[in-house]
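The structure appears below as structure tokens.
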Amino acid sequence: GGGSDSDGGYRVAVLAASSQNGYNQAVYQGVEEAVAETGADVDLQLLDGQFDANTQLSQLQNTTTSGDYDGVIVVPNDGPGLAAAFPLAQEIPVVTVLNPIGPDIEEMEPQVEGVVSTVAVPPSEAAAKQAEGVAEYCADKDPCKAVLLVGQLNAPLDVARRDAYQGVLEQHDNVEIVATVEGNYDRDQSLTAITNVLQANRDIDAILSNADQQTSGAQVALQNAGIEPSSIYLTGGGGTKDAVTAVREGTWKADYINFPVSMGKAAFEQLHNALTGEDVESWVDADAVGDVEPYATKETLDEAPDFGGEWNG
Amino acid sequence: MPAHTTPAATRALFFVRDYAVLILLVILLVVLAMASPSFFTFANLMNIANQNVPLAMIAAAGTFVIVSGNFDLSTGAMFAVGSVSAAAIADGTGNPWLGLLAAPVICVALGLVNGVAVTTLRVHSFLATLATSLVFSAIAVMVTGGSLITVTVDGFTDLGRLRVGGVFIAVIVLATFVAVLWFTLQRTLFGRHVFAVGGNADAAELSGIRVAKVRICVFMLSGLAAGLAAAIAVSRISSGQPQAGLGMELEAIAAIILGGTSIYGGVGAVWRSISGVYLIALIGNGFDIMSVNPQLKDLVTGVIILAAVALAAVGNRRR
Amino acid sequence: MPAHTTPAATRALFFVRDYAVLILLVILLVVLAMASPSFFTFANLMNIANQNVPLAMIAAAGTFVIVSGNFDLSTGAMFAVGSVSAAAIADGTGNPWLGLLAAPVICVALGLVNGVAVTTLRVHSFLATLATSLVFSAIAVMVTGGSLITVTVDGFTDLGRLRVGGVFIAVIVLATFVAVLWFTLQRTLFGRHVFAVGGNADAAELSGIRVAKVRICVFMLSGLAAGLAAAIAVSRISSGQPQAGLGMELEAIAAIILGGTSIYGGVGAVWRSISGVYLIALIGNGFDIMSVNPQLKDLVTGVIILAAVALAAVGNRRR
Amino acid sequence: MGTVHGSGSVEGGAPLVEVRGVSKRFGGTQALDDVSVSLAPGEVHAFVGENGAGKSTLGKVVAGLYSADSGRLLVGGREVQRWDPLRAQQAGVAMIAQELSLVPELTVAENVFLGVEEHRLGILRGTLAARFARLEDEVGFGLPPRARVRELRLADQQKVEIMRSLARDARVIVMDEPTSSLTTHETQRLHRLIQHLKAQDRTIVYVSHFLDAVFEVSDTISIMRDGRLVRSAPAMQETKRSVVEGMLGRRLDATFPPRPATVSAEVAPILQVSDLASERGARGASLAVRPGEIVGLLGLVGSGRTEIARAIFGADRVTGGDVCFDGERITGKRPRDAISRGMVFVPEDRHHQGLVLDRSVKENVSLAFLDRFSRHGIIATRDERHAVTDMVQSLQMRPPAIDLPVAGFSGGNQQKALLSKWLIGQPRLVILDEPTRGVDIGAKFTIYEAITALARRGVAVLLISSEHEEVLNLSHRAYLVIDGRTRGEVDPSSTPADEVLFQLFSVADTTLKEQPA
Ligand SMILES: Nc1ncnc2c1ncn2[C@@H]1O[C@H](COP(=O)(O)OP(=O)(O)OP(=O)(O)O)[C@@H](O)[C@H]1O
Ligand SMILES: Nc1ncnc2c1ncn2[C@@H]1O[C@H](COP(=O)(O)OP(=O)(O)OP(=O)(O)O)[C@@H](O)[C@H]1O
Ligand SMILES: [Mg+2]
Ligand SMILES: [Mg+2]
């Protein structure tokens, strides 16, 4: 890359899906920590994708054409869309976090020339594991009524998750999906949706959500309806501090934990390897970078009493 | 040339035109009550009322803004600032009421900023409030650094969650707020001035009305509503985050216009906006309790809005 | 006129008022060129131009909509329908051009729906297009089932990615489109009628202009732009998904008004909207190439919009 | 009501346009009730009637702006099924609307040729200036073709409307009160133009409240009352008195009420203006008005009378001079300060400056003095209703339905609402700018009576009217206004109208000579 400082340091761009979002903040924090740990002379620049696929595509193009940067870490808004920036104008390494770049959102090995490493988990695989937790809880209940609380059903990623949830739960005849609602990654909207669902189905056994913010909203809805949250299988995704506490206290039965700080660290490590000519892992399993079992329950968390979650949002 | 219409038929047409949104609201209520036994219960109706308190407040105050011939595109951003400030202050001081009170106070100040920007820059409020909304959301982000503030202070959730005799406090607050605003718009000097400013600002000025002052007050009222709404919402979910309120400004404006308030200013009513809010809310509730594919919700909402509009157009058919 | 301003000073004031957005654009260009050596390079400027082609197209056609006194809040949704249809058709038939052509054709049809809804329902287009936008986005979701359509057909990405002599084809398409629209608005019968309809629809009607027809055409033009924009964008990322275009309608309207086109209709120009688009784009680009905290971007954008507006207000200072 | 064919005075050719048994209803108002008229080629056909009689509605039905509820419309002997402004225009029917309807942001020339632009394949041809110049040669209004209509004053906008109707090359032109803002001089010019058009065998529908003008130009007069046609008859068979009787259903003996008693010069003026100049065009006005006195301003259109009034009231920024009201200096204060001291201003442009058209009569009439009908900011609706009802009834507004939006009232009745709005505050000084614009002859008398009654009660009145007769017959004193300045006084009781015009023009000439370059 042409952007190397004269004294041999590196300039790295971090393309956040949105710089105003806790998850992305945590990834950036991980990158910063890794920079400090490696002791490398690295100049980091955070770019805000504003949750907009087009903005981020522009940013990726800008950073790779300007010649100012030696490497890029990106948290894609739209992995398939970002593929349009490849092949890059200049050959600099790109590490992607959370989502792969390329047409297949389930394929973790680099799909386009230029991406050296992907720090992520196939979304369907993770969703399926979450759903298996529900099936297990439901094993001796017939019928076992489940509600799916998914992000946005016009977003391919969430649609893939919903399909994975359905795929697993349909294999268990005792599990009945009584409603599928959108939570929009928002506590208030999830509160509304679950409150409404409870009007028609007071006797639900499980709420399966892909995001902790949504689960928090569902929890309030249950409490308002006079249902003890711990009396049903309540689970979320993300591993926020609130979520970890809720699982420890038994309010939620489980949570699918993400490790955004560790993912950021891993991403920078791989990028640094690429820059310094060392071996690069083309896929870093994001479920394996943390200190605890990602499919967390009270039991698994009891084994790691110091773990408090890597982010809040 | 159209045939004769009797006075009775004309009156019926006018009724349909003037009360299209209410008629549709009633139709939807009946349809949902027949479709699902869980719909027409006190608990469900109370829930619907409660869930939409924040939006209804913003729409009620927004009616003043639209009637005065303005737009407030910053209500969503003010709501975000209110949310994070309430959470941050409650969390920081440990005093729940201080936090909840901060939201309306701060948002009234932001409304003042809007009002002053609109009146001194002499720019259409659409653009001015779009610009201030960017500034406000940036402030919300900076207050929190982008992440979530969870409030665990005792009593913080009372405003949003408690009930008095089965009725949510929030609903009571909304009912009071709407009653006061309704009265203000219809029966007070200020309300008349709002209509006059929106209908013909030049004539209002020549009638001795302080047009700029009326405009500023209207934006402050909108801020007050956004702040109150934020306090209720943040108390309900006991956490504040900078994305809160995203898109709320457009939802509120859509509800206001759906109710039949003229986008050109000078004509409108608070009850119309409330009807608009709950018309859209009923659709969402129906989808959730009947477990219909949520991907169709937008489609149905769009079609019902067009139906309301078409109904109102029936009475206007003739030139 | 103020007693003591010379004609020259008055002319300068009017110049500032009329060209505020251009002045700000130039100032920003100079500031950025001085602040960062990477800014004022052909590659960077070409990138900025290319990246904003879809938005600029929608804003250019949106100028007609706003000048005619209307709003089109469905451009984002039309863009989404265009994107998924182009991807689905190209993927299904294996013919890249058929897919890319489908987007504008389908979107013109959607624009026709908007136009007919606005004119027959006699409702303000703000509400009508808000309703149709819900319907359109639902259609986009249904086309794909909510998931992504990846196109691997050869040649599909040419439109979005190829260059001719260093210049992106997309930029050439935009330049042509803008030139045609500019000419149409300023120099054709249709353009004149668009101004008349927006300036005073009654007067236009009285003068024998088919107001409804002009409105419908304007919405179809807006659809055409959304479709072309979708074709370029979808070709660039070689995949179509239903959230594409989210919020684009408001970005376009903001750029149009920022440029100085009146929200009341009757006044405006295509070049203004393009300037508005690129003014906002420059701010974003500046943040990316300079090491500034991106959380401040919204703040700065808001302040610059207010500055543009204040600049324009200078010339209007008098009562 | 049967049809009377009244095209006898002209060649008696087949009617160009014929309306048969047309009715039209707006909500509760029967605007037209079984009306039949026919318009022959080469005739000037006047519609006269009280405010709200249905003249404008009938005109709009002919021009395709309104579709009738029932009845038939025949054009060139053939019944038309679908009729709208474009079809009307294609069939050779054009209209000048009473409430001016122009595109403010387009230029004069663009407005004049709107809808009839010359183009090749949709691309405009550069012939606009030439076409305008040709039309201007015919009419001689001297309008600047490239000025935006928004910047023109009312009278000039009315001329644009007239030019627009001429530019259509129409065979039938409906002119709905084309001269309501024009001076005598300009009215004369229009009348010559009408004669010219008539000679080309075109038909003019002339709607006006100026009966002298009606008799001067028209061949046929159709009298309307309460939505019905009273009769159509050749102008020669009518007299001013017979027309007024037909319109009002009663006789009107005097045109002006007696002038109130003269106020002694010793009484201290309530309004004293010296050397007032404003940003908008007052350039040095000095005048005084005493309580109980009616003082007129006489000037040509564009002379700056409106601007002087606005500057006194505080509506425009004052750049020099002084305004003293009731002994207090109020220079540079805002309208609300003037209002609170008892000074009111009835503006000439009721649509843009006077009324909130979408709101009810009640709300409009009480708007400026709402604090008198409210306690602690809350409106006492019953007091308001009583006061407004009394006020509009005293001016005989029709219909007296104070809850209906102003927009639905006929032009003259809107004017009455505007007057009510200002008189309801029981002011001490009333500035009236064209108070009888668009008002019918019966209602005019009512307004004159209201003005003299004000003076008798001790209210000071500053009267501006382009109908110099009004000023001369009502006021005690009058100032000549030229170029934003007051230029001497005339004694109205001893000065005939043409003498005023002569003075205005001659002083204007000397002014021009005085100013070098
Ligand atoms: N658009 C409308 N909506 C409701 N009522 C209307 C409308 N236009 C006219 N009217 C009513 O129809 C009647 C006739 O009105 P029109 O304007 O034809 O009277 P006019 O003879 O032209 O009076 P003027 O001399 O005051 O202009 C009036 O009572 C008026 O209130
Ligand atoms: N809106 C305006 N902006 C700028 N100048 C104006 C405006 N209106 C009027 N003027 C100017 O002020 C002067 C006087 O205007 P105006 O015609 O209103 O006078 P007037 O004596 O009241 O005439 P009339 O009442 O007969 O129309 C003119 O020179 C005119 O060009
Ligand atoms: Mg009339
Ligand atoms: Mg005047």
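Numbered from 1 within each chain, the chains take letters A, B, ... in sequence-line order. Please read these numbers as outputs of a predicted model, since none were measured by experiment.
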Does C:Ile280 have more than 12 heavy atoms from other residues, nucleotides or ligands lying within 6.0 Å of its CD1? yes

Below 4.5 Å, heavy atoms only, C-beta onward: do A:Val97 and A:Val74 meet side chain to side chain? no

Enumerate, by atom name, each donor-acceptor pair separated by under 3.5 Å where one atom lies in chain C and the other in chain A.
residue	atom	partner	partner atom	Å
C:Ser38	OG	A:Asp68	OD2	2.7
C:Asn47	ND2	A:Thr65	OG1	2.8
C:Gln51	NE2	A:Ser58	O	3.2
C:Gln51	NE2	A:Asn62	OD1	2.7
C:Thr150	OG1	A:Pro103	O	3.4
C:Gln241	NE2	A:Asp78	OD1	2.8
C:Gln241	NE2	A:Asp78	OD2	2.8
C:Asp288	OD1	A:Gln59	NE2	3.2
C:Asp288	OD2	A:Gln59	NE2	3.2
C:Met290	O	A:Gln45	NE2	3.1
C:Ser291	OG	A:Gln45	OE1	2.7
C:Gln295	NE2	A:Ser19	O	3.3

Between C:Leu148, C:Leu246, C:Val151, which shows the greatest number of heavy-atom pairs under 4.5 Å with chain A? C:Leu148

What part of A:Leu153 lies closer than 4.5 angstrom to a heavy atom of chain C: side chain, backbone, both or neither? backbone

Under 3.5 Å, side chain of C:Thr129 to main-chain N/O of C:Leu73, donor-acceptor pair present? yes

Can you check whether A:Val94 reaches A:Val116 side chain to side chain, under 4.5 Å on heavy atoms? no

Can you tell me how far apart OG1 (C:Thr63) and CD1 (C:Ile256) are? Round to the nearest 0.5 Å. 4.5 Å

So which atom in C:Gly276 and which in C:Leu258 form the shortest heavy-atom distance, rounded to 0.1 Å? O-CD2, 4.1 Å

When heavy-atom pairs shorter than 4.5 Å are enumerated against chain C, which of A:Ala13, A:Ala155, A:Ala84 gives the highest number? A:Ala84

Using side-chain heavy atoms (C-beta onward) and a distance below 4.5 Å, is A:Ile194 in contact with A:Val181? yes

